[in-house]
Colleague: 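Before I ask anything, here is the structure I am working with.
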Amino acid sequence: MSMQKPHILIVEDEDVTRFSLRNLFEAEGYQISEAIDGESMDKALKNNTINLVVMDINLPGKNGLLLARELTNNHDLGLIFLTGRDSDIDKILGLEIGADDYLTKPFNPRELTIRARNILSRLKQSKSEPKDSVIKFNQWTVDGNSRKMTSPTGEVIAIPRGEYRALRLLIENIGQIVTRQELIKEMTGRDLRSNDRTVDVTIRRLRKHFEQDENSPELINTIHGEGYRFVGTLD
């Protein structure tokens, strides 16, 4: 029996760009579906098992950032943003919503296919990881199956895949410095790029979760010029 090919959904309203993306990914052997806005995206998600969404931010109706928030809250899949806006704000917002990666137009087609392959590989690896992995520290509980954290006060917080993988790597190396390169590799499968804010945004979001509980001590230290270190206590 042949293995099911990964299924990529392209959400792009520009016909030429969408056609180019279809040809690019089909040449790599992927199944492809297309959408031009939120309504057609929802229909494609309902009718297909999608593994990765490649989405333009500037869409008619709801923009990509709004759609991505709904997407990451309701579906377990990868997400790459494509944007013509060379804006750090858009990139940071996209990462905070839960996007796995982003590329600014015009982009290198080869780079896009490599990033897509890395994310799909990470997704496959994540699905094969033990389903009963539970980590407890400083009265917090992290469930690796559902990717939900429970605070000392009982609040349940769903976290994106990237945040979970970063936190798990830090905890697995408790007391040791984990470099930004090691974190980005664990989170996305790619190497750290110059001026890449992905790791910093992810750590900032993790800290915000912990800071919501006023009794939680600082759990992640910044080691300037090197990376980050988890200094919590395992329960």
Side-chain angles (χ1 to χ4, degrees), residues 5-38 40-41 44-45 48 50-72 75 77-125 160-163 165-166 180-181 183-202:
K5 297 177 182 177
H7 199 148
I8 297 177
L9 172 60
I10 301 165
V11 187
E12 168 64 72
D13 64 316
E14 294 178 2
D15 293 342
V16 173
T17 303
R18 194 174 64 256
F19 181 74
S20 297
L21 289 169
R22 170 181 274 279
N23 286 343
L24 176 66
F25 286 121
E26 282 185 338
E28 294 288 321
Y30 298 117
Q31 295 184 77
I32 302 299
S33 291
E34 299 178 31
I36 60 172
D37 55 19
S40 53
M41 180 190 80
L45 289 167
N48 302 277
I50 303 297
N51 305 110
L52 173 67
V53 173
V54 178
M55 179 189 293
D56 187 19
I57 286 182
N58 189 21
L59 293 169
K62 289 184 179 179
N63 67 31
L65 293 172
L66 291 173
L67 292 175
R69 192 177 298 278
E70 299 173 6
L71 194 67
T72 54
H75 300 275
L77 41 70
L79 174 60
I80 297 178
F81 269 132
L82 297 178
T83 175
R85 310 173 187 178
D86 190 11
S87 166
D88 281 344
I89 293 176
D90 281 342
K91 294 172 184 176
I92 290 172
L93 284 173
L95 293 169
E96 288 188 337
I97 288 168
D100 295 283
D101 212 339
Y102 58 82
L103 276 175
T104 303
K105 299 176 183 177
F107 53 85
N108 183 312
R110 180 62 179 161
E111 184 177 5
L112 175 57
T113 57
I114 289 172
R115 294 195 194 182
R117 185 165 62 244
N118 286 341
I119 291 171
L120 288 166
S121 176
R122 287 288 171 185
L123 285 168
K124 185 177 180 181
Q125 179 181 338
R161 183 171 43 255
E163 286 183 37
R165 296 188 74 89
R180 294 170 76 243
Q181 167 65 23
L183 283 163
I184 197 70
K185 198 74 174 179
E186 176 69 14
M187 290 161 55
T188 69
R190 62 172 170 81
D191 292 326
L192 189 68
R193 307 190 298 266
S194 61
N195 301 316
D196 194 331
R197 299 288 303 279
T198 306
V199 171
D200 307 302
V201 170
T202 300

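Nothing fancy with the numbering, it's 1 onward along the sequence. These values consider heavy atoms only, across backbone and side chains, with no hydrogens, waters or symmetry-generated copies.
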Colleague: Measure the CG-CD distance between D13 and E34 for me, rounded to the nearest 0.5 Å.
Modeller: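 D13 atom CG to E34 atom CD measures 12.0 Å (nearest 0.5 Å).
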Colleague: Using side-chain heavy atoms (C-beta onward) and a distance below 4.5 Å, is V54 in contact with F25?
Modeller: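 With C-beta onward as the side chain, the pair touches.
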Colleague: Looking only at non-hydrogen atoms, find the nearest pair between H7 and I32 and report the distance.
Modeller: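 Smallest heavy-atom distance, with atoms named: NE2-C, 3.8 Å.
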Colleague: Using the rule given for side-chain contact (heavy atoms from CB on, under 4.5 Å), can you reason through I10 versus T17, listing the C-alpha separation, both sets of side-chain angles and the distance that settles it, and then say yes or no?
Modeller: CA-CA 10 Å; I10 301 165; T17 303; over 6 Å; no
Colleague: So how far is it from L77 CG to I50 CD1, rounded to the nearest 0.5 Å?
Modeller: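 Atom-to-atom, L77:CG and I50:CD1 are 8.0 Å apart.
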Colleague: In Å and rounded to the nearest 0.5 Å, what is the CG to CE distance from L65 to M55?
Modeller: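 Spacing of CG (L65) from CE (M55) equals 9.0 Å.
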Colleague: Does CZ in F107 sit with more than 12 non-hydrogen atoms of other residues, nucleotides or ligands closer than 6.0 Å?
Modeller: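 Enclosed: over 12 neighbouring heavy atoms sit under 6.0 Å from CZ of F107.
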Colleague: Could you walk me through whether S121 and N118 satisfy the side-chain hydrogen bond (donor to acceptor under 3.5 Å, both in side chains) test, starting with their C-alpha distance in whole Å, then the side-chain angles of each, then the deciding distance to 0.1 Å, before giving a yes or no?
Modeller: CA-CA 5 Å; S121 176; N118 286 341; over 6 Å; no
Colleague: Rounded to the nearest 0.5 Å, what separates atom CD1 in I8 from atom CD1 in I80?
Modeller: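 Going from CD1 on I8 over to CD1 on I80, the span is 7.5 Å.
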Colleague: So do the side chains of L71 and M41 get within less than 4.5 Å of each other, counting heavy atoms only?
Modeller: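 SC-SC contact between L71 and M41 confirmed.
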Colleague: Does a donor on one side chain and an acceptor on the other come within less than 3.5 Å for S40 and D37?
Modeller: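 Looking only at side-chain atoms, D37 and S40 do form a donor-acceptor pair, the distance falling under 3.5 Å.
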Colleague: As an exercise, state the distance from OH of Y30 to CG of L120, rounded to the nearest 0.5 Å.
Modeller: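 Taking OH in Y30 and CG in L120, the distance rounds to 5.0 Å.
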Colleague: A side-chain contact here means heavy atoms from C-beta on lying under 4.5 Å apart; do L24 and L112 qualify?
Modeller: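 Counting from C-beta outward, L24 and L112 do come under 4.5 Å.
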Colleague: Any chance you could lay out the salt bridge (Lys or Arg N to Asp or Glu O under 4.0 Å) test for R18 and D56, step after step, and finish with the verdict?
Modeller: CA-CA 10 Å; R18 194 174 64 256; D56 187 19; over 6 Å; no
Colleague: Just so I know, are the side chains of L82 and L21 near enough to count as touching, which here means a heavy-atom distance under 4.5 Å?
Modeller: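 Of all side-chain heavy-atom pairs linking L21 with L82, at least one is under 4.5 Å.
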Colleague: Has R22 got more than 12 heavy atoms of other residues, nucleotides or ligands less than 6.0 Å from its CZ?
Modeller: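 Enclosed.
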Colleague: Test R122 against E186 for side-chain contact (heavy atoms from CB on, under 4.5 Å), laying out the working first.
Modeller: CA-CA 9 Å; R122 287 288 171 185; E186 176 69 14; 4.0 Å; yes
Colleague: Quick check for you: to the nearest 0.5 Å, what is the distance between L52 atom CG and D100 atom CG?
Modeller: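 If we round to the nearest 0.5 Å, L52:CG and D100:CG are 7.5 Å apart.
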